[in-house]
Each structure stands twice: as structure tokens, then as C-alpha cells.
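Presented below is the structure to which this report refers.
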Amino acid sequence: MLAQPPRSSGVYQIRCLHTGKVYIGSTVDFSKRWGQHRRSLRRGSHPNARLLRAWKKYGEENFEFTILEIVDVPDLLRAEQLWLEKTRCADRRRGFNIFGTAGSPGDSLARVWKGFVNPQGEEVTITNLYGFCRQHGIDFPSMHKLASGKSKLKSYKGWTHRNSPRRREYVKTYEGFVAPDAQLAGTITNLAAFCRKYGLDKTHMVAVAHGRIYSHRGWAYRNNRHRLNGPKTYQGFVNPEGQLVTINNLKTFCQNNDLSYIHMHNIKSGKRKSHKGWTWMESNEHK
């Protein structure tokens, strides 16, 4: 068994050492997929009843995960189909696969799905949703919930569906975010997608917009109660050369000068004497 499968795409096999039966699958990430299999098998919630029964009967130590072929993502289903046919693992005497068709748990889920809207806002028709999700590394249950219209789920990784009960004409927009360079970000209509693009946490950004926190990774909001009069100005910092320095937007200054915002703030509040040579001089001490 591979101790740590690589994070690459291709076709894999789960083999029962006791019976020789195999399960064939394909994935965009061997390591992640093997972890998913093990967790669901250990919990007893794996969707493949044949594999789960054997796992319970013979024990985890009698199963091995091996890579059959490294394949580029666009060719995954084609390669998986070849291995399904080669091993004949859909025959319950030889393997654990329920279906002999790659990328589909059954005809009912391999149909044409209409109404999906991708993160770019384009409506997309998908044939074989299960296979599509596996090929693009997205979660099938989440996409299925979007399409069913029976879930509170509004979107998933930027994907939406016209059947979503929470999809509405009004979309929350944000027009007051200020970037770390103090430039106004403009109108943001999809905050989740915006956060993914810039490596930000959506929850923290919403908290910034509503004034619950001051900033997040240098991002602030112009209507934030902490920033009604613009960034706070600090006039008491003394640099390592002994010069008095006026600082606008301390967080951005620290990011640009490899300083700790927390340590610099503690200097100002008197909780710390210095940080990398920087100190604080009270106004009554200014010359």
C-alpha cells in the first residue's frame, strides 16, 4: 500500500488481498481520494456496499491502494473505462464496482443537466454530472443539491443553479472595500469569488464590511465605524535611526516594512518597549 499517494491525477485500484477482488476509480488527486475512501469505509458510510462489506469482513489491513496509470485530467474517464473493461471489476465475482461505465454511479445520474451557472456567470449544460465533478475536482453532492432545488445551498465554489431556492434577482453588493494600498476596490457582486481570487476569508471580509473587525489582511471598509474619518494616523513612532515618523494606516505600513502590526500596536499602547528598533514617544515628549 502506498504510504502517501501523490497529489496527481489518474486511475487507481483498491484491492482486497484476501480475495483478489478490485475496485477501479479515477481521480484528480490520488492522495485526497484515497483519504476519502478510507474515512467513509472506517465510518461504515461508503456508498459502495460491496467494498464496504469486504472491508468490514477482512479488515483494513487486507486492502491496498495502488496507482494503475497517471493520466491528465481531460483523459481520466477514457482511461478509467479501459481499466474497467480490462479488469472486468463490475462482475461481482471479480471486483467491487457496481457499474461498468466510467464516471457514473448509474444512468439516472448520467443524464444531461441544464441550468448550472459557472463562476464566470455563464449557463452550462453538463452531461454526466458525477463524471463532470470528478473530472474537475468538485463535490458531486454539493452540485446535486444546487440542481435539486431542495436545499438551502445558494452556491458552491462560485457555481449556482437556476433551481436554487435562494437564487434571487437581488444580489448583495459591496462598494466600500479598501485595498491594502488604500485604493477603493470598486463594486463587488460576488464576495465569495472575490475572496478566492485574492486569498481572503469571506467571513472575515463580511465582518470588516459590517464593522465587527477593523481589517482583514490589510483590507478595510470605508463605512466601518473604525474608519469613518479615514485611516488612523500615528505621530509618535520613532524609527531605529531615532527619527520621529508619522504613519497613516499602521497595518499597511507594517506589511510593507516587515514589521509586526501587533508588536507595533503594543509599543504604542505601552505594553512593549520596542520592536526591531522602533519605539514610541508620547506627544508631551516631542521636541
Side-chain angles (χ1 to χ4, degrees), residues 7 9 27-29 31-33 35-36 73 115-124 126 129 132-149 151-232 248-262 264-265:
R7 305 185 70 88
S9 58
T27 180
V28 297
D29 186 327
S31 180
K32 181 178 180 180
R33 187 63 178 137
Q36 291 171 338
V73 172
F116 279 107
V117 179
N118 66 21
Q120 290 72 47
E122 304 163 335
E123 187 160 329
V124 178
I126 299 174
L129 179 60
F132 179 87
C133 291
R134 291 180 62 184
Q135 188 172 8
H136 292 84
I138 54 182
D139 184 55
F140 169 73
S142 296
M143 292 289 278
H144 189 270
K145 287 179 182 178
L146 284 179
S148 70
S151 167
K152 294 181 179 180
L153 189 66
K154 177 183 176 182
S155 65
Y156 167 68
K157 290 189 175 181
W159 285 83
T160 58
H161 195 281
R162 64 188 180 196
N163 290 342
S164 173
R166 294 183 63 190
R167 186 169 176 81
R168 53 184 183 246
E169 292 183 4
Y170 170 76
V171 177
K172 175 68 175 178
T173 60
Y174 297 86
E175 297 182 342
F177 277 111
V178 181
D181 60 2
Q183 297 297 313
L184 196 63
T187 301
I188 300 173
T189 57
N190 188 335
L191 184 59
F194 182 87
C195 291
R196 285 194 298 272
K197 180 178 179 180
Y198 291 99
L200 303 170
D201 184 283
K202 180 187 173 184
T203 302
H204 291 168
M205 290 291 276
V206 171
V208 169
H210 290 275
R212 293 193 293 271
I213 61 175
Y214 177 80
S215 65
H216 171 56
R217 296 185 181 178
W219 286 82
Y221 204 77
R222 65 181 180 185
N223 292 329
N224 189 316
R225 65 175 180 268
H226 296 292
R227 303 182 69 92
L228 291 176
N229 298 316
K232 185 174 181 179
N248 295 312
N249 195 331
L250 180 60
K251 183 175 285 290
T252 299
F253 182 85
C254 291
Q255 291 174 338
N256 294 337
N257 292 276
D258 192 29
L259 298 170
S260 167
Y261 170 74
I262 295 176
M264 292 289 278
H265 194 274

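FYI, the numbering just counts along the sequence from 1. None of the values given here were measured: they were computed from a predicted structure. Every heavy atom of this structure was used, including side-chain atoms; hydrogens, water molecules and symmetry mates were not.
- Atom CD1 of Ile138 sits about 9.0 Å away from atom OG of Ser142, to the nearest 0.5 Å.
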- Would you sort out whether Tyr156 and Asp139 count as a side chain to side chain contact (heavy atoms under 4.5 Å, CB included), showing the intermediate values? CA-CA 9 Å; Tyr156 167 68; Asp139 184 55; 3.1 Å; yes
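- By the neighbour-count criterion of 12 heavy atoms within 6.0 Å, atom CG of Asp258 is sparsely surrounded, having that number or fewer from other residues, nucleotides or ligands.
- For the pair Ile213 and His204, the minimum side-chain heavy-atom distance is below 4.5 Å.
- The CE atom of Met143 sits 5.0 Å away from atom CH2 of Trp159, with the distance rounded to the nearest 0.5 Å.
- For the pair Leu146/Phe116, a side-chain contact is recorded, criterion being any heavy-atom separation below 4.5 Å from C-beta on.
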List the atom pairs, with distances to 0.1 Å, where a side-chain N or O of residues 117-124 and a protein N or O form a donor-acceptor pair under 3.5 Å, not counting sequence neighbours.
unit_1 : atom_1 : unit_2 : atom_2 : d
Asn118 : OD1    : Gln120 : N      : 2.9
Asn118 : OD1    : Gly121 : N      : 3.1
Asn118 : OD1    : Glu122 : N      : 2.9
Asn118 : ND2    : Glu122 : OE1    : 3.0
Glu123 : OE2    : Arg162 : NH1    : 3.0

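- Across all non-hydrogen atoms, the minimal contact from Trp219 to Ala185 is CZ3-CB, 3.7 Å.
- If you take CG on Leu129 and NE2 on His144, they are separated by 7.5 Å, rounding to the nearest 0.5 Å.
- With values rounded to the nearest 0.5 angstrom, Leu184 atom CG is found 11.0 Å from Phe177 atom CZ.
- Contact annotation: the side chain of Tyr261 approaches that of Leu250 to within less than 4.5 Å [non-hydrogen atoms, C-beta and beyond].
- The structure places CD1 of Ile188 at 7.5 Å from SG of Cys195, a figure rounded to the nearest 0.5 Å.
- Contact annotation: the side chain of Leu200 approaches that of His216 to within less than 4.5 Å [non-hydrogen atoms, C-beta and beyond].
- Atom CG of Asn190 and atom OG of Ser155 lie 7.0 Å apart (nearest 0.5 Å).
- In this structure a side-chain-to-backbone donor-acceptor pair under 3.5 Å is present from Thr252 to Pro180.
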